[in-house]
Amino acid sequence: MTPPPSPARPPAARTVVAVIPARGGSKGVPGKNLAQVAGAPLVARAVRACLASAEVTDVVVTTDDPAVAEAARAAGDVLGESGRLHCVSRPAAIAGDTATSEAAVLHALDAYEAMRPGHGADVVLLVQCTSPFLTREDIDGVATAVARDGADTAVTVAPFHGFVWRDGSAVEDGTYGVNHDKSVRPRRQDRPQDYLETGAAYAMDVAGFRTYRHRFFGDTALVKTDPARVLEIDDPHDLARARALAPLLDPSPLPSREDIDAVVLDFDGTQTDDRVLIDSDGREIVSVHRGDGLGVAALREAGVPLLILSTERNPVVAARAHKLRVPVLHGIDRKDLALKQWCEEQSVDPGRVLYVGNDVNDLPCFGLVGWPVAVASAHDSVRAAARAVTTTPGGSGAVREIAAWLLGPTLTTETPATILTTQTPATPSE
């Protein structure tokens, strides 16, 4: 969900420009800045945080990749802030693996000021896409420190209480403590407070930055942030951790009734546990959850348009839909085309549709709707593309959980599963 804007406050007298470096290449994670966390590319998450800040005048994304620029512009369009977002093409000379962030920021500053003759930037921010849990408050903090409070530079930091060690064997110094004497183990409360640089956001006075050409000069303000949010994505494991943490750390990640005009449900793996039992006569048996039926009934009674959409041809899908009194389209090869047509027929904006899925054949539908939702047991690629993820697996009450997001927590009571049987010969699962 888009972070809300900062509370209203008098604007700073100085022009504050947030620069987001976002190269197309990356050795650790190919296409890293387009990698999705909670359904949004990393560059889009950084753009949203910057545009939500009341301190930031404009946002400049500097990139060598047209796809990154397009993702950034899309994020600005969604927020209705395209006028404050600028994309700058970064020259190859400062787009390689050895290029510094400072070089990219200086080039972006020059490009920005060329767009606005006579109106230069006073404060520049360096905001990193690789910190996915950067918040509006982080941006406000570093910007305020320089624009309002007189610091020359500012950096986001997190309280750090660890003992740091260094292996000095290569220089025959032996192993030693960097921030402590290894022969003394004082309690945490008896040690000086250390701070860890998060790598998320920096702010610099532009005149000083142009003079010194690095991000730390003069008086540096430390802007303290939540240690739980400190994560830099440098390799695939970091990206996997970010995706797992997003449901816990993202602000207001769940939709409300005001966000949704219709709910579309996949069947296998979403309303079932994705298993099929076959008896000796070839009949298929699947397990569904009674709580999901209660959730669907509550959504129907609340007037929310519903649809079950499945590639599965087995009659069990239609039987379940009939039981729930929900329209169904099944045996569908191109679910995305069927979903688009259904939205047109129902006069529903796809941007206000919540679609629930679990596997790769749901991804095209995820790309059409405003609220792609994955069940907890979904394939990793589906969880990564989702805007929200349930805590409940498919077939165990995930649909009821979603109904509770929209209608209130009274729907969260546990209810048992039930079994559906088809009387027709088994057919291959779609």
Side-chain angles (χ1 to χ4, degrees), residues 1 39 247 252-274 286-310 312 316-330 332 335-336 338-358 362 365-366 368-378 382 386-418 420:
M1 182 175 288
S252 303
L254 304 179
S256 67
R257 179 67 182 90
E258 289 70 28
D259 300 314
I260 301 301
D261 287 340
V263 173
V264 179
L265 305 169
D266 175 42
F267 187 72
D268 285 329
T270 299
Q271 298 181 64
T272 78
D273 60 6
D274 218 17
V286 298
S287 174
V288 297
H289 201 272
R290 291 188 184 278
D292 286 344
L294 291 174
V296 168
L299 289 169
R300 191 181 64 242
E301 290 168 8
V304 179
L306 295 160
L307 173 70
I308 293 175
L309 180 60
S310 176
E312 176 59 62
V316 70
V317 183
R320 180 60 173 166
H322 178 74
K323 171 85 171 180
L324 297 175
R325 291 188 286 160
V326 173
V328 61
L329 297 172
H330 71 112
I332 301 296
K335 295 169 73 174
D336 55 332
L339 175 58
K340 184 177 180 181
Q341 181 176 347
W342 182 81
C343 289
E344 292 173 353
E345 291 172 351
Q346 301 296 316
S347 299
V348 173
D349 177 4
R352 292 184 56 81
V353 170
L354 186 152
Y355 179 93
V356 192
N358 78 299
D362 294 308
C365 291
F366 272 29
L368 286 177
V369 302
W371 275 98
V373 173
V375 296
S377 51
V382 178
R387 191 170 176 183
V389 180
T390 67
T391 60
T392 311
S396 299
V399 176
R400 182 172 187 159
E401 180 181 337
I402 293 165
W405 296 350
L406 304 182
L407 303 178
T410 57
L411 294 169
T412 57
T413 306
E414 287 293 327
T415 49
T418 188
L420 289 181

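Because the structure is predicted, anything quoted here is derived from the model rather than measured.
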- Message: Looking at every non-hydrogen atom in both residues, tell me the closest pair between Val304 and Ala262 and how far apart they are.
- Response: CG1-CA, 4.2 Å
- Of all the heavy-atom pairs spanning Gly293 and Leu324, show the shortest one and how long it is. CA-CD2, 3.7 Å
- Item | Considering all heavy atoms, the nearest Val389-Ala376 contact | CG1-CA, 4.1 Å
- Note on the structure: Separation between CD (Glu312) and CG (Asp268), nearest 0.5 Å, reads 5.0 Å
- Note on the structure: Across all chains, not counting sequence neighbours, the side-chain contact (heavy atoms from CB on, under 4.5 Å) partners of Gln346 are Trp342, Val348
- Message: Can you give me the closest heavy-atom contact between Pro393 and Ala398, atom names plus distance?
- Response: O-CB, 3.6 Å
- OG of Ser287 to CG of Asp274: how many Å apart, nearest 0.5 Å? 11.5 Å
- Ile260 side chain reached by Trp405 side chain, heavy atoms, under 4.5 Å: no
- Would you say the side-chain atoms of Arg387 pair up with the backbone N or O of Gly370, donor to acceptor, closer than 3.5 Å? yes
- Donor-acceptor pair, side chain of Asp292 and main chain of Val399, under 3.5 angstrom: yes
- So, for Leu368 and Asp336, which heavy atoms are closest and what is the spacing to 0.1 Å? CD1-O, 3.2 Å
- Heavy-atom donor-acceptor pair, Ser256 side chain to Leu406 backbone, under 3.5 Å: no
- Message: If I take atom CG from residue Asp273 and atom OG from residue Ser396, how far apart are they, to the nearest 0.5 angstrom?
- Response: 6.5 Å
- Task: Drop me the distance from Ile402's CD1 to Leu265's CG, to the nearest 0.5 angstrom.
- Result: 7.0 Å
- Is a donor on one side and an acceptor on the other found under 3.5 Å between the side chain of Gln271 and the backbone of Val288? no
- salt_bridge(Asp362, Lys335) N-O dist < 4.0 Å: yes
- Inter-residue atom distance Leu294.CG - Leu299.CG, 0.5 Å rounding: 11.0 Å
- Taking C-beta and beyond as the side chain, do Val328 and Val326 meet within less than 4.5 Å on heavy atoms? no
- Audit row: Arg325, Arg300, side-chain contact (heavy atoms from CB on, under 4.5 Å) steps and yes/no: CA-CA 9 Å; Arg325 291 188 286 160; Arg300 191 181 64 242; 2.6 Å; yes
- Query: Does any N or O in the side chain of His330 come within less than 3.5 Å of the main-chain N or O of Ser310, such that one atom is a donor and the other an acceptor?
  - Reply: no
- Message: Would you say that Leu339 contacts Val369 through its side chain, given a criterion of any heavy-atom pair below 4.5 Å between the two side chains?
- Response: yes
- If you look at every heavy atom in Ala338 and Leu309, which pair is closest and at what distance? CB-CD1, 4.0 Å
- Residue pair Leu354 / Val264, side-chain heavy-atom distance below 4.5 Å: no
- Does some side-chain heavy atom of Pro372 sit less than 4.5 Å from a side-chain heavy atom of Tyr355? no
- Examine distances only and state if a side-chain atom of Glu401 and a backbone atom of Thr392 form a donor-acceptor pair shorter than 3.5 Å. yes
- Task: Would you sort out whether Val353 and Trp371 count as a side-chain contact (heavy atoms from CB on, under 4.5 Å), showing the intermediate values?
- Result: CA-CA 6 Å; Val353 170; Trp371 275 98; over 6 Å; no
- Applying side-chain contact (heavy atoms from CB on, under 4.5 Å), run through Leu307 and Leu329 and close with a yes or a no. CA-CA 8 Å; Leu307 173 70; Leu329 297 172; 4.1 Å; yes
